[in-house]
Amino acid sequence: MVPVVAEGRNWRGALVRATVRLEPVAGDGAEREARWLLREVAGVERAWPVLLDEEPTHADLARFDSMVDRRALGEPLQYVIGHWPFRSVDLIVDERALIPRPETEQVVEVALAELDGLGVAGPVVVDLGTGTGAIALSIAVERPEVWVLGIEASRPALELAMENRDRVGLGVKRVAFAAGSWFSMLPGDLHGAIDLIVTNPPYVATGDDIDPSVRDWEPSGALFAGVDGLDDLRVTISQAPEWLAPHGVLVAEIGATQSDAVRALATDAGFVHAEVRPDFAGHDRILIARRHGAPGPRQERRSVP
Ligand SMILES: C[S@@+](CC[C@H](N)C(=O)[O-])C[C@H]1O[C@@H](n2cnc3c(N)ncnc32)[C@H](O)[C@@H]1O
């Protein structure tokens with residue numbers, strides 16, 4: 001009997017209680033999530049068995065319990081933890097912006113390959129709808145020669161992106177953020193001069209049934225795009241060619257059922273090549289639209305703005 005009382009006082013007991021508490025929201029993932037929260041509070045220095053046998057301080061236990069309470073009420077784990085990894089960067093995440101998703105990491109992978117294929121020095125990249133700044137900042141970190149401009153319509157999200165720029169140690173000379181709706185506030189000297197436009201715009205249809213934790217907690221302005229979910233992709237795809245350099249490329253994340261529609265939009269907009277690639281789950285999620293038919297070096301780089 002005694003070990004039960006002793007266990008109740010150590011992290012192991014707290015973990016068991018938290019797992020039970022999280023089961024209604026996290027199901028099979030409840031213990032994994034409880035462990036994640038525990039690691040966040042207790043730190044990562046000790047081996048797991050050592051940590052579980054430790055008795056938490058009152059302050060640590062109170063913090064852990066409060067995080068478990070928030071998660072039990074349905075708040076996404078990432079918001080509760082307050083930061084989350086995205087490729088090469090660890091970003092502050094909160095209710096001001098969409099939580100960056102693993103499939104968007106793959107969008108960045110494709111965007112980087114396109115960028116590398118252009119073979120231009122000091123390329124200019126624009127990230128439309130930057131949110132936390134995930135795409136813009138990871139591209140800038142992974143390709144130090146790139147200059148990135150992130151555009152965002154939501155002021156709170158824009159502030160978060162700027163905080164994340166500080167967090168990853170980049171300055172405005174590498175990554176600039178600006179408020180605006182898609183292309184409306186882009187500086188005129190970028191007209192016809194952008195090497196790569198990358199975007200993960202809202203693409204959920206307004207009537208779609210989505211996960212309650214997404215619908216209730218993440219900003220609706222980051223999710224919904226009209227009755228067919230294509231309102232924002234129509235704008236970004238149709239206007240992208242005039243902002244891109246003649247060799248320029250658009251890479252966009254799309255909804256899994258939008259492949260045919262976005263390929264048609266890209267062709268109508270004048271892109272010579274439009275293809276959609278699957279994500280890791282096999283869903284068609286990444287549009288690549290090139291102003292020229294094939295990747296490869298195009299021209300000498302002009303001066304960077
Ligand atoms: C799906 S989220 C993507 C956020 C981030 N790029 C990512 O991948 O995690 C779409 C973002 O577009 C922004 N957005 C919505 N409408 C916009 C508009 N008209 N102009 C610029 N950004 C917009 C939203 O506020 C949101 O941050």
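Each ligand, and each atom within it, is numbered from 1 in the order the structure gives. Owing to the predicted nature of the structure, the values given are computational and were not obtained by experimental measurement.
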What residue and atom, counting heavy atoms only, is the protein's closest point to atom 19 (N) of ligand 1, and at what distance?
-> S181 OG, 2.9 Å
Write out the residue and atom name of the closest protein heavy atom to atom 23 (C) of ligand 1, then the distance separating them to 0.1 Å.
-> W182 CH2, 3.4 Å
F86 meets the ring pair (Phe, Tyr, Trp, His ring centres under 6.0 Å) criterion, sequence neighbours left out, with none
Taking only non-hydrogen atoms of T130 and a 4.0 Å limit, the atoms of ligand 1 in range are 5 (C), 6 (N)
Report, in ascending order of atom number, the atoms of ligand 1 lying under 4.0 Å from any heavy atom of A222.
-> 1 (C), 2 (S), 10 (C), 24 (C), 26 (C)
Please check if any side-chain donor atom of R96 sits under 3.5 Å from a side-chain acceptor atom of Y79, or the reverse.
-> no
For ligand 1, which atoms sit closer than 4.0 Å to a heavy atom of A153?
-> 17 (C), 18 (C), 20 (N), 21 (C), 22 (N), 23 (C)
Identified side chain to side chain donor-acceptor pair (under 3.5 Å) counterpart of R87 within the set Q106, E109, E105 | E109
With N164, which of I92, T130, V93 fulfils side chain to side chain contact (heavy atoms under 4.5 Å, CB included)?
-> I92
Going by an N to O cut-off under 4.0 Å, is there a salt bridge joining R234 and D231?
-> yes
Among protein heavy atoms, which lies nearest atom 12 (O) of ligand 1, and at what distance?
-> G129 CA, 3.3 Å
Closest protein heavy atom (residue, atom, distance) for atom 3 (C) of ligand 1 | N200 O, 3.1 Å
For ligand 1, which atoms sit closer than 4.0 Å to a heavy atom of G221?
-> 15 (C), 24 (C)
Of all the non-hydrogen atoms in the protein, which one sits nearest to atom 9 (O) of ligand 1, and at what distance?
-> P100 CA, 3.7 Å
Polar side chain donor-acceptor pair, D232 to W182, under 3.5 angstrom | yes
Does any donor atom in the side chain of R70 or S66 lie under 3.5 Å from an acceptor atom in the other side chain?
-> no
Heavy-atom contacts with G180 under 4.0 Å: which atoms of ligand 1 show up? List them by number with element.
-> 20 (N), 21 (C)
Shortest reach to atom 24 (C) of ligand 1 by a heavy atom, considering only M185, R155, E152, E253 = E152
Would you mind listing which atoms of ligand 1 come within a distance below 4.0 Å of any non-hydrogen atom of T104?
-> 8 (O)
Okay, side chain of R291, backbone of L244: is any donor-acceptor separation there less than 3.5 Å?
-> yes
So the atoms of ligand 1 within less than 4.0 Å of a heavy atom of L98 turn out to be 1 (C), 2 (S)
CD/Q258 to CD/E253 distance, rounded to the nearest 0.5 angstrom?
-> 10.0 Å
Under 4.0 Å between heavy atoms, the region of A157 that gets near ligand 1 turns out to be neither
